[in-house]
Amino acid sequence: MLKAIADVLSTIGSAVATVVTLPFRAVARLFGGASDTAHGHH
């Protein structure tokens with residue numbers, strides 16, 4: 001019983017972590033691409 005609850009909690013935790021990190025990755029990619037283009041124009 002406890003193991004099943006722990007499995008569910010870990011699954012939810014990983015899902016939440018993925019959802020939380022996705023926007024940060026998108027923003028980092030945006031800023032990375034922006035800085036790349038800015039350096040390229042220079």
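From a predicted model like this one, the values you see are computed outputs, not experimental measurements.
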For residues 6-14, which side-chain N or O atoms pair as donor and acceptor with protein atoms under 3.5 Å away, sequence neighbours left out?
unit_1: D7; atom_1: OD2; unit_2: K3; atom_2: NZ; d: 3.1
unit_1: S10; atom_1: OG; unit_2: A6; atom_2: O; d: 3.3
unit_1: S10; atom_1: OG; unit_2: D7; atom_2: O; d: 2.7
unit_1: T11; atom_1: OG1; unit_2: D7; atom_2: O; d: 2.8
unit_1: S14; atom_1: OG; unit_2: S10; atom_2: O; d: 3.3
unit_1: S14; atom_1: OG; unit_2: T11; atom_2: O; d: 2.7

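Sorted by first and then second residue, the salt bridge (charged side-chain N to carboxylate O under 4.0 Å, His left out) pairs with a member in residues 16-29 form an empty list; sequence neighbours excluded. Applying the salt bridge (charged side-chain N to carboxylate O under 4.0 Å, His left out) definition to pairs two or more places apart or across chains, none involves residues 13-23.
F31 belongs to a hydrophobic cluster whose other members, connected by ILVMFWY side-chain contacts under 4.5 Å either directly or through intermediates, are V27.
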